[in-house]
Student: 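Can you read through this structure? Questions will come right after.
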Amino acid sequence: MKTIIYAHRGASKHAPENTLPAFELAYESGADGIETDVQLTKDGIPILFHDETVRRTTNGTGFIQDYTFEQLQKLDAGAWFSKHYANTRIMSLEQFLLWTTNKNLILNLELKTNIISYKHIEQIVYDLLVKYDQLGHTVISSFNPDSLLNMHQIDATVTTAFLTSKKKVDLINYTKRLGAKGIHIKNRLMNQSLINKAKQEDIYVATYTVNRVSQMMRCYHTGCHAIFTDLPYIAIETRELFEQDIIQ
Ligand code: G3P
Ligand code: MG
């Protein structure tokens, strides 16, 4: 089994996270998939953005939920990263789905609903996935279990994964009860025993954020289902060497 490599927020080590340049780099590097974070604007448009406020990764201030999409388009989401990326814009989910069409990428849409519970975000995201016929190769994940349950209420066949950065007793059964197919877990909590036990219950384990070669190798060795990395090209190179038995 080949470990799937997701570019975390795109190739976010070398281009501004969750923007088109980071997604393009990820695609060019041969990543199997892209992970991105989804939130809603004031006018209910799903956009790709990690923090609840725009301060860290744009030249603006305030909460995403207080901006309309049009207002957000005036912000620079690239200059904070480097001059080279000045004038990069925040991307909507719809723009992203158009860009991914026919690219054979697996999509992981992380619904950022653990701090702000964006009303109807699950339905809005679902409708777009149906519109662009991308449901079949998309995984919906969230730290907020309610988002996964809401998604299953809409359509029980949607592939979902429970995201966690904390140790949790009975994690596998909890995940099953949510109707999720996978656990996306912080790398320091990923171990062989969890992977084996989860496999027996038909649950996969993926892990974030894996940026060091030694961590990548550990993931390939343990038979981890997928990794999320800011450095997809390194992960792909390392996976090739692992497959050819060149490095252990
Ligand atoms: O989906 C994996 C990972 O992205 C979760 O954490 O904070 O990087 O969105 P974060
Ligand atoms: Mg994320």
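Order of listing sets the numbers, starting from 1, for every ligand and every atom in it. Quantities reported herein were computed from a predicted structural model and do not represent experimental measurements.
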Student: How large, to 10°, is the angle at the Mg ion (ligand 2) when you draw lines to OE2 on Glu35 and to OE1 on Glu110?
Tutor: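 That angle is 90°.
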Student: Please report which non-hydrogen protein atom sits nearest to atom 3 (C) of ligand 1, along with the residue it belongs to and the distance in Å to one decimal place.
Tutor: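 I find the closest protein heavy atom is His8 NE2, 3.5 Å.
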Student: Of all the non-hydrogen atoms in the protein, which one sits nearest to atom 7 (O) of ligand 1, and at what distance?
Tutor: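 It is His50 NE2, 2.7 Å.
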Student: For atom 6 (O) of ligand 1, what's the nearest protein heavy atom and its distance?
Tutor: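 The closest one turns out to be Tyr208 CE1, 3.8 Å.
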Student: Is a side-chain donor-acceptor pair under 3.5 Å present for Gln192 with Asn196?
Tutor: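 There is such a pair (donor and acceptor under 3.5 Å, judged by atom type) between the side chains of Asn196 and Gln192.
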Student: Would you say the side-chain atoms of Tyr132 and Glu94 include a donor-acceptor pair closer than 3.5 Å?
Tutor: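 Yes.
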Student: Answer side chain, backbone, both or neither: which part of Arg9 comes under 4.0 Å from ligand 1, heavy atoms only.
Tutor: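 Side chain only.
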Student: Can a side-chain donor-acceptor contact be found between Tyr204 and His184 if the only test is distance below 3.5 angstrom?
Tutor: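 Distance-only check passes for His184 and Tyr204.
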Student: Under a 4.0 angstrom heavy-atom cut-off, which atoms of ligand 1 come close to Glu35?
Tutor: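 Per the distance check, 1 (O), 2 (C), 3 (C), 4 (O).
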Student: Please state whether the rings of Phe23 and Trp99 are parallel, tilted or perpendicular, taking 30° and 60° as the class boundaries.
Tutor: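 Ring orientation, 0 to 90° scale: tilted.
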Student: What orientation do His8 and Phe228 show, parallel under 30°, tilted 30 to 60°, or perpendicular over 60°?
Tutor: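 His8 and Phe228: perpendicular rings.
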Student: Answer side chain, backbone, both or neither: which part of Thr209 comes under 4.0 Å from ligand 1, heavy atoms only.
Tutor: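 Thr209 to ligand 1: no contact under 4.0 Å from either part.
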Student: Is there a donor-acceptor contact under 3.5 Å linking the side chains of Asp76 and Asn59?
Tutor: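 No.
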Student: Using modelled atom types and a 3.5 Å cut-off, is there a donor and acceptor pairing between side-chain atoms of Glu122 and backbone atoms of Ile154?
Tutor: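 Absent.
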Student: Name whichever N, O or S atom of Asp37 ends up nearest to the Mg ion (ligand 2).
Tutor: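 Closest N, O or S atom of Asp37 to the Mg ion (ligand 2): OD1.
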Student: Among all protein heavy atoms in this structure, tell me which lies nearest to atom 5 (C) of ligand 1, with the distance rounded to 0.1 Å.
Tutor: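 The closest one turns out to be Glu110 OE1, 3.4 Å.
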Student: Any atoms of ligand 1 less than 4.0 Å from a non-hydrogen atom of Lys112? List them with their elements.
Tutor: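 This gives 7 (O), 9 (O), 10 (P) as the contact atoms.
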